[in-house]
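Following: one structure in structure tokens, then a few remarks.
Because the structure is predicted, anything quoted here is derived from the model rather than measured. One is the number of the first residue; the rest follow in order along the sequence. Values reported hereafter were calculated over all heavy atoms of this structure, with side chains retained and with hydrogens, waters and symmetry mates removed.
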Amino acid sequence: LTHIEAETTEDDFVMLKIDIDTPRIELPLVEQIANSPRLAALIDEFYFEHHVNVEVMGPEWSLKPTHPTYQNASIEIFSRLREMGIRAHSWI
């Protein structure tokens with residue numbers, strides 16, 4: 001994200017995909033974007049596989065059944081990003 005801030009302008013088209021498959025690393029990056037009007041102004045298109053507690057995917061993502069993040073949290077994150085002007089997309 002530091003590189004995006006240092007090397008791009010609002011005139012550039014910036015597409016960012018975060019798919020590290022490690023929620024404890026991914027989510028802080030997404031929160032950093034959601035809390036930064038400067039980054040939001042630079043990122044045009046954003047793709048993120050938010051790892052949520054969905055029974056069918058839990059084992060694939062190595063999530064415990066007690067994993068605290070549910071689909072509503074994902075909707076909230078993507079809504080915040082979209083309200084900031086980022087075209088944010090998710091997938092499972």
- Task: Would you mind listing every salt bridge (Lys or Arg N to Asp or Glu O under 4.0 Å) that reaches into residues 23-36, with sequence neighbours excluded?
- Result: E31-R80

Once you round to the nearest 0.5 Å, how far does [atom1] of [X] lie from [atom2] of [Y]?
X   : Y   : atom1 : atom2 : result
I77 : F48 : CD1   : CZ    : 6.0 Å
I18 : L29 : CD1   : CG    : 5.0 Å
L42 : T8  : CG    : OG1   : 4.0 Å
F46 : M15 : CZ    : CE    : 10.5 Å
D19 : K17 : CG    : NZ    : 5.0 Å

- With T2, which residues qualify under side chain to side chain contact (heavy atoms under 4.5 Å, CB included), at least two apart? none

- Query: Under the salt bridge (Lys or Arg N to Asp or Glu O under 4.0 Å) test, which residues partner E83, sequence neighbours left out?
  - Reply: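 E83 satisfies salt bridge (Lys or Arg N to Asp or Glu O under 4.0 Å) with no other residue.
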
- Query: Partners of R38 by salt bridge (Lys or Arg N to Asp or Glu O under 4.0 Å), sequence neighbours excluded?
  - Reply: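 Per chain and number, R38 pairs via salt bridge (Lys or Arg N to Asp or Glu O under 4.0 Å) with no residue.
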
Could you tell me which non-hydrogen atom of [X] sits nearest to which non-hydrogen atom of [Y], and how far apart they are?
X   : Y   : value
D12 : D44 : O-OD2, 3.1 Å
L1  : L39 : O-CD2, 3.9 Å
M84 : A40 : CE-CB, 3.5 Å

- Item | I33 side chain reached by L16 side chain, heavy atoms, under 4.5 Å |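 Contact flag for L16/I33 side chains = yes.
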
- Task: Apply side chain to side chain donor-acceptor pair (under 3.5 Å) to E45 and list each qualifying residue two or more places apart in sequence or on a separate chain.
- Result: R87, H89

